[in-house]
2 protein chains.
Amino acid sequence: MKPSKKQHSYTYPFPKADNTVDIVVFGLRDATLEVLLVRRRDDPYKGQWALPGGFVNMDETLEQAAQRELREETSAEVSHLEQLYTFGDPGRDPRGRVISVVYMALVRSPEIATKAGDDAVETRWFPVENIQIGTLAFDHDKILDLALTRLRSKARWQPLGVGLLPEEGFTLSELQTVYESILGRPLDKRNFRRKVLSFGLLYLTRQTRHPKEGGHQARVYKFDQGRLTREGIDFEV
Amino acid sequence: MKPSKKQHSYTYPFPKADNTVDIVVFGLRDATLEVLLVRRRDDPYKGQWALPGGFVNMDETLEQAAQRELREETSAEVSHLEQLYTFGDPGRDPRGRVISVVYMALVRSPEIATKAGDDAVETRWFPVENIQIGTLAFDHDKILDLALTRLRSKARWQPLGVGLLPEEGFTLSELQTVYESILGRPLDKRNFRRKVLSFGLLYLTRQTRHPKEGGHQARVYKFDQGRLTREGIDFEV
DNA sequence: GCAAAAGTGTTACTCGTACACCCATGT
DNA sequence: ACATGGGTGTACGAGTAACACTTTTGC
């Protein structure tokens, strides 16, 4: 139980699994839903794309580990992480027993700069629709699939969008585009407006905005931050 | 990364966390929802009640570990386990870093005989309503609370009851009692019947049953096992 | 005969969904 | 003028929730 430290090694009476975190970072760029992947520098699965992630340190929470790994492999932090599931089948990693707690996040793609980290030669955004099943390392196909299902089912119940849209305000059309991108299908404009306004989490500002080219002026809304925090609404993912 | 085995000890270049599973076993006895707890034999929290659980072996899946621990501390297996959440804050276990994957199950209490296992002097069922917050070991209060929330929210969407009611058949009143026990509130008889029958997962047998004392004969239903498995419905928890 | 349990329909409300037109503006 | 995008209301169906009385039977 107690590790006996002798010259940079730790000895235990029983073998122990490794604990990792993996993060499914969904990103939105224009109107496409993307996911952040890293290309593995080393074996196993050298050269293949995988979810960002890495080992959990002894003195950090699982969520902190996820944030740190993300910071190491990208450059930014995400404002909110949600635990998705824990994968721990023996054999899911050829190197040995690895138990991975998977988190997910939702961000604006362009704000997360990609950079190569320790385990990765390259970090890149991929539109989720373009990812062929069977191409990701480890069991990451399965993980991505679960994350996508969860994200979409959450989108049906919970408002999402804080953090995806500018603090300064946004139009309902912009918010609708966010939802359509996540759900991967078009939504009815009138129904969407009714529903999202009925949550009572948006307020109307006095500003309006002109569309890029032609068209009516759009009213600008903001999230009612007070109500969001008061009601403890998890608006992020 | 690779453990070097020398005289019953395992040495790694970095410290490693312990991996455990804990199981929230909900049980139904008559009309009360219970949870299975074990009294700890050893420190920390010696003498206090805790969720059953234990260490994950290297060659078993997380779910198999949960089943094994349950078998060791009770005597029966449960037919279905569902992963709930993974708790891994440093400091949640005073002995060191312990990452625990929590599963939940739902059974008939009387069918799970309780016995003392390795880590427990005693194993007992407790009605969930009687458990005072702050009395369980570790962060198990928080875990139980989350499990209860999840169970109840599942009950609102999914049919539950297979495994809780006798194979030979049951009356709709009995099924209703199951739901009421889980949800902790009374349900309208007519609405309940309409809804549960609309799932199309029950079929009517020719048998009837007499209530214990006075009252109309009740018709006996069975689950349509064919449809359950065909539609892959997770009827258990 | 009375207590106990089974069984049975209707109404109102909420929510989701489908659907079409006019308005303001930039080019 | 026309193309582009913003904004609005209604009707139908599904599901949920509330509500009371009659029937059978054991005691």
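Computed from heavy atoms alone, side chains included, the values below leave out hydrogens, waters and symmetry copies. Each chain gets a letter, A, B and so on, in the order the sequences are listed, and its residues count up from 1.
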In whole angstrom, what separates [X]'s [atom1] from [N]'s [atom2]?
X	N	atom1	atom2	result
Y179(B)	dA17(D)	OH	P	14 Å
Q217(A)	dA24(C)	CD	P	10 Å
L175(A)	dG7(D)	CG	C1'	16 Å
F199(B)	dG15(D)	CZ	P	10 Å
L197(A)	dC15(C)	CG	P	15 Å
F170(A)	dG6(D)	CZ	C1'	16 Å
E180(B)	dA5(C)	CD	P	13 Å
R194(B)	dA14(D)	CZ	P	14 Å

Spatial distance of atom [atom1] ([X]) from atom [atom2] ([Y]) [nearest 0.5 Å]:
X	Y	atom1	atom2	result
W49(B)	R39(B)	CH2	CZ	5.0 Å
E111(A)	T74(A)	CD	OG1	12.0 Å
L51(A)	L37(A)	CG	CG	6.0 Å
I182(B)	L164(B)	CD1	CG	6.0 Å

Closest to the 5' end of DNA chain C, once R156(A) and P211(A) are matched to their nearest nucleotides, is R156(A)
Strictly below 4.0 Å: does [X] bring a side-chain N or O up to OP1 or OP2 of [N]?
X	N	result
S173(A)	dG5(D)	no
R219(B)	dA6(C)	no
H210(B)	dG26(D)	yes
K212(B)	dA4(C)	no

One pair to check against side-chain contact (heavy atoms from CB on, under 4.5 Å): I99(B) and I99(A). What are the steps and the verdict?
CA-CA 10 Å; I99(B) 296 173; I99(A) 295 173; 5.9 Å; no
>> Less than 4.0 angstrom from a charged side-chain N to a carboxylate O is my criterion; do R209(B) and E174(B) meet it?
In response: yes
Numerically ordered, the residues 182-193 of chain B set in heavy-atom contact under 4.0 Å with DNA chain C is K189(B), R190(B), R193(B)
**Prompt:** Step by step, would you call L136(A) with Y45(A) a side-chain contact (heavy atoms from CB on, under 4.5 Å)?
**Reply:** CA-CA 9 Å; L136(A) 299 187; Y45(A) 297 103; over 6 Å; no
When H216(B) and E213(B) are each assigned the nearest nucleotide of DNA chain D, the 5'-most assignment goes to H216(B)
